*Asks:* 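The structure follows.
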Amino acid sequence: MAGQSIYDLTVKDAKGNEVSLSIYKGKVLLIVNVASECGFADSNYTELNQLYAKYKDQGLEILAFPCNQFAGQEPGSNEQILELACTRFKAKFPIFGKIDVNGENASPVYKALKAGKWLFGDNIQCNFVKFLVDRDGKVSDRYYSTTPPLSIEHDVKKLLGIQ
């Protein structure tokens, strides 16, 4: 991904439409691999919603990518996932089509996100790994599944330029 930013990529939303991530240029992104049957789902969706409500108007976008690679915790179709995310979890942020985050079929977005030097290597270990991306499309930080979204609020504010 040398010289390329996350904004150069195109993904599919949960309805199968092509979405250029360039529409998020200039925004701070929190990109998360989600799974509705994961034990972290309730707390993560709750806190992601809180962050999104608080900082959306100041330039934060949360992009959720459903993934079924960990213990089969996101088995539904894109339509089922979208309905569950919006009804049970009250997600207001974009939910994209189901992807792989590891392996040869990994989404180009995750290949780009994982290109840094990370403590536990490149592979994603579980659901709800979070990547914070700055306004220039470069990965700023990576947080593991056990990191509650609200605990990274300081890092989000810093990238948004909020004191």
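This one's a predicted model, so the numbers in the text were calculated from it and none came from an experiment.
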*Asks:* Evaluate the side-chain proximity of V28 to Y55: yes if any heavy-atom separation is below 4.5 Å, no if none is.
*Replies:* no
*Asks:* Please name all residues satisfying side chain to side chain donor-acceptor pair (under 3.5 Å) with N49, sequence neighbours left out, ordered by chain then number.
*Replies:* none
*Asks:* Please test Y24 against L63 for side-chain contact (heavy atoms from CB on, under 4.5 Å), starting from the C-alpha separation and ending with a verdict.
*Replies:* CA-CA 10 Å; Y24 299 110; L63 309 182; 3.6 Å; yes
*Asks:* Do V133 and L60 share a hydrophobic cluster (ILVMFWY, side-chain heavy atoms under 4.5 Å, transitive)?
*Replies:* no
*Asks:* Does L51 reach the side chain of F93, with side-chain heavy atoms less than 4.5 Å apart?
*Replies:* no
*Asks:* Which salt bridge (Lys or Arg N to Asp or Glu O under 4.0 Å) pairs, counting each pair once, include a residue from residues 30-42, with sequence neighbours left out?
*Replies:* D42-R88
*Asks:* Is a donor on one side and an acceptor on the other found under 3.5 Å between the side chain of D134 and the backbone of D136?
*Replies:* yes
*Asks:* I need the full list of salt bridge (Lys or Arg N to Asp or Glu O under 4.0 Å) pairs touching residues 152-163, with sequence neighbours left out, sorted by first then second residue.
*Replies:* K54-E153
*Asks:* Can you name the closest pair of heavy atoms from P66 and G97 and give their distance?
*Replies:* CD-O, 3.9 Å
*Asks:* Looking at S36 and E74, what are the two nearest heavy atoms and their distance?
*Replies:* OG-OE1, 2.6 Å
*Asks:* Answer whether the closest heavy-atom distance between the side chains of L159 and R135 falls below 4.5 Å.
*Replies:* no
*Asks:* Would you name the heavy atoms of V32 and Y110 that are closest together and state the gap between them?
*Replies:* C-OH, 3.3 Å
*Asks:* For K27, what residues pass the side chain to side chain donor-acceptor pair (under 3.5 Å) criterion, not counting sequence neighbours?
*Replies:* none
*Asks:* Does a side-chain heavy-atom distance below 4.5 Å link F65 with V101?
*Replies:* no
*Asks:* Excluding sequence neighbours, so at least two apart, what forms side chain to side chain contact (heavy atoms under 4.5 Å, CB included) with C38?
*Replies:* A35, F40, Q73, N127, F128
*Asks:* Between L30 and L48, does the side-chain contact (heavy atoms from CB on, under 4.5 Å) criterion hold? Intermediate values first, please.
*Replies:* CA-CA 9 Å; L30 185 59; L48 289 168; 3.7 Å; yes
*Asks:* So, for N33 and C67, which heavy atoms are closest and what is the spacing to 0.1 Å?
*Replies:* CB-CB, 4.4 Å
*Asks:* Once you round to the nearest 0.5 Å, how far does CD1 of I6 lie from CZ of F131?
*Replies:* 9.0 Å
*Asks:* Do the side chains of V129 and L113 get nearer than 4.5 Å, heavy atoms only?
*Replies:* no
*Asks:* Atom OG in S145, atom CZ in F70: separation rounded to 0.5 Å?
*Replies:* 7.5 Å
*Asks:* Indicate, with yes or no, if I31 and V11 share a hydrophobic cluster defined by side-chain heavy-atom contacts under 4.5 Å among Ile, Leu, Val, Met, Phe, Trp and Tyr.
*Replies:* yes
*Asks:* Hey, mind stepping through D141 and I152 against side-chain contact (heavy atoms from CB on, under 4.5 Å) and telling me if it holds?
*Replies:* CA-CA 10 Å; D141 288 292; I152 65 173; over 6 Å; no
*Asks:* How would you list, by chain and number, every residue that makes a side chain to side chain donor-acceptor pair (under 3.5 Å) with K15, sequence neighbours excluded?
*Replies:* none
*Asks:* Got a sec, which residues hit side chain to side chain contact (heavy atoms under 4.5 Å, CB included) with D100, two or more places apart in sequence or on another chain?
*Replies:* Q69, N105
*Asks:* Between T147 and K130, which heavy-atom pair has the shortest distance, and what is it?
*Replies:* O-NZ, 3.0 Å
*Asks:* If every non-hydrogen atom of A64 is compared with every non-hydrogen atom of V34, which pair is closest and at what distance?
*Replies:* CB-CG1, 3.9 Å
*Asks:* Can you pull out every side-chain hydrogen bond (donor to acceptor under 3.5 Å, both in side chains) where at least one residue sits in residues 57-68? Sequence neighbours excluded, please.
*Replies:* Y52-E61
*Asks:* Does any part of the side chain of F89, heavy atoms only, come nearer than 4.5 Å to the side chain of N44, both counted from C-beta?
*Replies:* no
*Asks:* Any side-chain heavy atom of N102 sitting closer than 4.5 Å to one from Q125?
*Replies:* no
*Asks:* Taking only residues two or more places apart in sequence, or in another chain, which ones meet A85 in a side chain to side chain contact (heavy atoms under 4.5 Å, CB included)?
*Replies:* Y45, A91, I95
*Asks:* Consider only side-chain heavy atoms of I, L, V, M, F, W and Y, link residues closer than 4.5 Å, and tell whether F96 and Y7 are in one cluster.
*Replies:* yes
*Asks:* Report the residues that fulfil side chain to side chain contact (heavy atoms under 4.5 Å, CB included) with Q50, sequence neighbours left out, ordered by chain and then residue number.
*Replies:* T46, E47, L150
*Asks:* Quick check: do V109 and I99 have side-chain heavy atoms less than 4.5 Å from each other?
*Replies:* no
*Asks:* Return the set of residues passing salt bridge (Lys or Arg N to Asp or Glu O under 4.0 Å) with E104 (not counting sequence neighbours), or none when no residue passes.
*Replies:* none
*Asks:* Could you work out, with salt bridge (Lys or Arg N to Asp or Glu O under 4.0 Å) as the rule, every residue matching K25, not counting sequence neighbours?
*Replies:* none
